Amino acid sequence: MDPIAETPLHLNSYRTGPDDSGHFGLYGGRFVAETLMPLILELEAAYEAAKVDPSFHAELADLNAHYAGRPSPLYFAERLTQHLGGAKVYFKREELNHTGSHKVNNCLGQILLAKRMGKKRIIAETGAGQHGVATATVAARFGLPCVIYMGATDIERQKPNVFRMRLLGAEVRPVISGTGTLKDAMNEALRDWVSNVEDTFYIIGTVAGPHPYPAMVRDFQAVIGQETREQMLAAEGRLPDTLVAAIGGGSNAMGIFHPFLDDASVKMFGVEAGGKGLDVPNGHCASLNGGRPGVLHGNRTYLLQDGDGQILEGHSISAGLDYPGIGPEHSWLRDTGRVTYVSATDREALDAFQLCTRIEGIIPALEPAHALAYVTKLAPTLPPDNLLVMNMSGRGDKDIFAVAAHLGMDI
Amino acid sequence: MHRLAKVFEELAAQDRKAFVTFITAGDPDPATSLEILKGLPAAGADVIELGMPFSDPMADGPAIQRASLRALHAGQDMHKTLAMVRAFRETNETTPIVLMGYYNPIYVYPVESFIAEAAEAGVDGLIVVDVPPEADDELCVPALKAGLSFIRLTTPTTDDHRLGAVLTNTSGFVYYVSITGVTGTRAPDLEAVAKNVARIKARTALPVAVGFGVRTPEQARSIASVADGVVVGSALVDTIAQSLDDKGRATELTASSVLAVVEKLSAPLKAA
Ligand SMILES: Cc1ncc(COP(=O)(O)O)c(C=O)c1O
């Protein structure tokens, strides 16, 4: 099937997806084993009910405000703007949220849903550990036992987060199957779920997985874009012109993009992990720029894979971007051309990491450092009245050991 | 007549149950795997499920995932899996082969050529774990049109309402997964199996085979007492793993030890 041919050509809105079967054009869906199917249908029904229940929204808004610390500021990065000489650069400060990243937005939404559904046990996968920490945090807050699956390779490169999760009372289970990274952690979490169908709620950390996860996680993350919209209107009296966000599975990007998709004047750039370079085989994690459509983890989307359809592990300096897939809605937005997807290499991300730290006094996580790397290229090409917002999706404390190693420094 | 229908009919006429074996194509290497495949019917296999290796087999336990990875490391791919079926058919025209695996390697093959080549190679049916009835149009219906059976998994979580959707378009046989969980990790509970098999049989005339977790002749016998067929997979794959040398390569014992396990586990079904 030709993916382009599947995409409606004359759209009235980019914000109506997915359809009833969970598809964004060709992408998405519910490609899961029969064991999981009833669970996913149950989850979908529960989410649909919660969505129209004002008390659910009220409880979530209250937790967002008083527990997570929302709204996160929209910050004018004045010195970076001067340094780059071009667009007026703002950061959406998701790194200031409780637990240090945007991941908590989604975790609060899903744990409230778990509570409504009467689930007694929480599981999650994690790559960088940010989603694991956010999940362990909300599980502690709601008094539910929690198991986090994390690739053995990632445990090595994200030690501070592993310790944090354990302090929060979560059990961190190392995943050695496959390549020991995020995709394997997700396989393992899905296996746990099929083995514990009665009592377990699986909090997926990004806009991937079978329907309804991509739409549900997007909805919980859309608070980023909704706030950005209001904050920019308040600060500048108009909408932003340019949005830039890093792409792992795509949740922080979808969160900031989605509320603006129908505002034709707003240009959007998703930045994938270019690793050692897109021309290095299996040396990057750029599913959209270097992958092909396929089916994994319950949905159809662009994947890093070989000619036989075997999933490749990919490479990125950032454990949080090290995922061979991407949320299906991004695949659709790519094919429709509404969002432009680019990439930044490990080296470029490290440079941006240091630049931001030195001139803005903000230590970014390596994930948004990829977005920033692209901002350093894009902003100088834009006029000074171009309002650019970069999603600062997380803080870099977790990354200082990895960065030190790459810079050849001892801590 | 379709090989699958014929086997189940012949067995039923003799009041016997089908012994269904699962191995992964290319595990631990293409040559040894073909040797095992060719030996399965004589060792007692009535139906063969041949796994199409996949890097990320989400519904399988560690044993079958390792088998997939062994096969992939040894260079197995979909072309070789189909070639293996062709090679098997050179000397065996009667034992049904069902290819079992995940959608992605089929999707990228792509679907149309995969179905045509599988049918031409002598494949009888498909089990594709992660393509639910909701997506029948893209794989199941074209496979049926090409004369392949499409065998669906039903599980303890498949309630009466879903069972209807699952059984629509299912053909060949119904594969009842006896546990909630991944392959090879838990032992099935006979009473629950009996109840669920009866529930499925009340809704379809197709034979019902039961799998996931069968490891001993006693389990095989008791499952056979409540179903039309018994599927054994992890026990065979584990035997392959145990027969390998310390570099993970096949030894002289690999094929013979697997076939010996097939003989042992199928014996209770032959004695009827
Ligand atoms: C700070 C941060 N940003 C971004 C990501 C990538 O995920 P997503 O693309 O879903 O936002 C992660 C994942 O761990 C992260 O920790």
Side-chain angles (χ1 to χ4, degrees), chain A residues 1-2 20-23 26 28-42 175-179 183-184 186-198 200 209-211 291-301 303-313 324-325, chain B residues 52-62 65-66 68-69 72 75-81 101-112 114 128-135 138-139 152-159 161-163 165-166 175-177 179-183 185-186 212:
Chain A
M1 242 181 290
D2 175 5
D20 289 344
S21 56
H23 287 90
L26 176 68
R30 275 186 286 235
F31 293 94
V32 296
E34 189 51 37
T35 330
L36 272 186
M37 202 63 179
L39 299 179
I40 282 164
L41 295 174
E42 181 197 1
V175 176
I176 49 168
S177 64
T179 52
K183 81 173 170 73
D184 304 292
M186 194 145 178
N187 288 334
E188 236 18 76
L190 286 164
R191 288 177 183 132
D192 180 310
W193 205 21
V194 294
S195 310
N196 299 286
V197 295
E198 294 296 333
T200 297
H211 179 64
R292 287 178 298 138
V295 175
L296 179 72
H297 293 150
N299 68 98
R300 177 164 28 222
T301 193
L303 299 173
L304 300 177
Q305 53 182 319
D306 69 13
D308 189 43
Q310 308 300 333
I311 307 306
L312 300 174
E313 47 201 288
Chain B
M52 301 171 277
F54 182 48
S55 52
D56 293 82
M58 288 156 355
D60 287 293
Q65 177 163 28
R66 280 195 294 270
S68 257
L69 295 182
L72 292 172
Q76 191 73 14
D77 63 17
M78 191 65 93
H79 293 279
K80 289 184 182 156
T81 299
Y102 294 79
Y103 189 24
N104 199 50
I106 296 174
Y107 180 70
V108 304
Y109 195 77
V111 170
E112 214 174 293
F114 170 79
V128 186
V129 178
D130 53 352
V131 181
E134 284 76 358
E138 50 182 288
L139 181 63
R152 198 92 66 183
L153 305 185
T154 69
T155 74
T157 56
T158 313
D159 60 20
H161 178 66
R162 259 202 84 67
L163 193 54
V166 170
Y175 186 163
Y176 176 66
V177 176
I179 50 168
T180 56
V182 293
T183 46
T185 48
R186 293 180 188 176
F212 278 43

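Predicted, not measured: the structure shown is a model, and the values here were computed from it. Below, chains carry the letters A, B, ... as their sequence lines are ordered, and counting in each starts from 1.
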* Which atoms of V111(B) approach chain A - backbone, side chain, both or neither, heavy atom under 4.5 Å ->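 V111(B) has no heavy atom closer than 4.5 Å to chain A.
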* Between P133(B) and chain A, which part of the residue has a heavy atom less than 4.5 Å away: side chain, backbone, both or neither? ->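 Only the side chain of P133(B) comes within 4.5 Å of chain A.
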* L41(A) portion near chain B, given a 4.5 angstrom heavy-atom threshold ->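 The side chain, not the backbone.
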* Side chain, backbone, both or neither: which part of Q305(A) has a heavy atom under 4.5 Å from chain B? ->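 Q305(A) touches chain B through side-chain heavy atoms alone.
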How many angstroms lie between atom [atom1] of [X] and atom [atom2] of [Y], to the nearest 0.5 angstrom?
| X | Y | atom1 | atom2 | answer |
| --- | --- | --- | --- | --- |
| T155(B) | L36(A) | OG1 | CG | 9.0 Å |
| T158(B) | E34(A) | OG1 | CD | 4.0 Å |
| N104(B) | L303(A) | CG | CG | 5.5 Å |
| Y107(B) | R292(A) | OH | CZ | 10.0 Å |

* Does E188(A) reach the side chain of P62(B), with side-chain heavy atoms less than 4.5 Å apart? ->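 Side chain of E188(A) against side chain of P62(B), heavy atoms only: no contact under 4.5 Å found.
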* Asked: By side-chain contact (heavy atoms from CB on, under 4.5 Å), which residues pair with Q310(A), not counting sequence neighbours?
  ->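 Q310(A): side-chain contact (heavy atoms from CB on, under 4.5 Å) contacts with D306(A), D308(A), F54(B), S55(B), L72(B), P105(B).
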* Asked: Listed by chain and number, what are the side-chain contact (heavy atoms from CB on, under 4.5 Å) partners of E134(B), not counting sequence neighbours?
  ->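 Only M37(A), P132(B), R162(B) meet the side-chain contact (heavy atoms from CB on, under 4.5 Å) criterion with E134(B).
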* Name the option with the most non-hydrogen atom pairs under 4.5 Å to chain A; the candidates are V166(B), V108(B), I106(B). =>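 Result: the option with the highest number of such pairs is V108(B).
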* Highest number of heavy-atom pairs under 4.5 Å with chain B: which of G294(A), S177(A), G298(A)? ->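 Top count of heavy-atom pairs under 4.5 Å with chain B: G294(A).
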